[in-house]
Amino acid sequence: MTLRLADISDAEAIAIVHRAARDAAMPWLPALHTPEENVVFFRETVLPKSDVWLVEAGGVAAFIAMTPGWIDHLYVSPSHWRRGMGASLLEFAKGRHAALELWTFQRNQRARNFYERFGFSVAQTTNGAGNEEHEPDMRYVWQGGA
């Protein structure tokens, strides 16, 4: 298992992990974008504007995308679930930031349990009007040293 900073050439592999993890964890969530659109999103929006770190284990197995004070994406390929990769990426992020925030869907109980186990607490809930899926979500926060 290797951790490394992603670059533009990783966009397709990241998009594949993203889609597989979302589909497996949240089968009720609509797929609003094609796989090709997802690659463009990661190549043209996420990678140029975020610190994206990858866990490699025979290819890209997991990734985290961070902007100052935020976790924008954290996904682990379903074939690598429950191997500590998500926990390692989250601890890595916590080591780089004094405080962190993130959003997750209210129905995503797996993610909620995961973040709460690592000291995140709910700061806000919404009816989903602010996200493109229109799915009720929640903002979590973590304060270092808390």
Say whether, by atom type as modelled, one donor and one acceptor occur between the side chain of [X] and the main chain of [Y] under 3.5 angstrom.
X: Thr34; Y: Glu37; value: yes
X: Gln106; Y: Thr126; value: yes
X: Glu116; Y: Asn113; value: no
X: Arg82; Y: Pro78; value: no

Does the side chain of [Y] come within less than 4.5 Å of [X]'s, by heavy atoms?
X: Met66; Y: His97; answer: yes
X: Arg112; Y: Thr104; answer: yes
X: Ile64; Y: Val52; answer: no
X: His33; Y: Phe41; answer: no
X: Arg19; Y: Asn38; answer: yes
X: Phe63; Y: Val55; answer: no
X: Val60; Y: Ile16; answer: no

Please check if Phe92 and Phe114 belong to a single hydrophobic cluster, counting links between Ile, Leu, Val, Met, Phe, Trp and Tyr side chain heavy atoms closer than 4.5 Å.
->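 In one cluster with Phe92: Phe114, yes.
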Going hydrophobic residue to hydrophobic residue with side-chain gaps under 4.5 angstrom, can you get from Leu54 over to Ile8?
->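 Leu54 clusters together with Ile8.
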Value rounded to 0.5 Å, distance of [atom1] in [X] from [atom2] in [Y]:
X: Asn108; Y: Asp137; atom1: CG; atom2: CG; value: 11.0 Å
X: Ile14; Y: Asp7; atom1: CD1; atom2: CG; value: 8.5 Å
X: Met138; Y: Trp103; atom1: CE; atom2: CH2; value: 9.5 Å
X: Leu47; Y: Asp10; atom1: CG; atom2: CG; value: 7.0 Å
X: Leu89; Y: Leu74; atom1: CG; atom2: CG; value: 5.5 Å
X: Lys94; Y: Phe118; atom1: NZ; atom2: CZ; value: 7.0 Å

Glu133 and Arg22 ion-paired at < 4.0 Å |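 Salt bridge between Glu133 and Arg22, a charged N being under 4.0 Å from a carboxylate O: yes.
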Taking all non-hydrogen atoms of both residues into account, name the closest pair between [X] and [Y] and its distance.
X: Glu101; Y: Val141; value: CG-CG1, 3.6 Å
X: Trp81; Y: Ala24; value: CH2-CB, 3.6 Å
X: Ala11; Y: Arg43; value: CB-CB, 3.6 Å
X: Ala61; Y: Met85; value: CB-SD, 3.6 Å
X: Val76; Y: Ala62; value: CG2-CB, 3.7 Å

Aromatic ring pairing His18/Phe42, orientation class (parallel under 30°, perpendicular over 60°, tilted between) |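 The rings of His18 and Phe42 stand perpendicular, inter-plane angle above 60°.
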Test side-chain contact (heavy atoms from CB on, under 4.5 Å) applied to Leu100 and Tyr115, Phe120, Trp70, Tyr140, the passing residue =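 It is Phe120, the one option of Tyr115, Phe120, Trp70, Tyr140 that forms the side-chain contact (heavy atoms from CB on, under 4.5 Å) with Leu100.
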Cation-pi, Trp53 ring and Arg4 (6.0 angstrom, 45 degrees) =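 The answer is no, since Arg4 fails at least one limit relative to Trp53.
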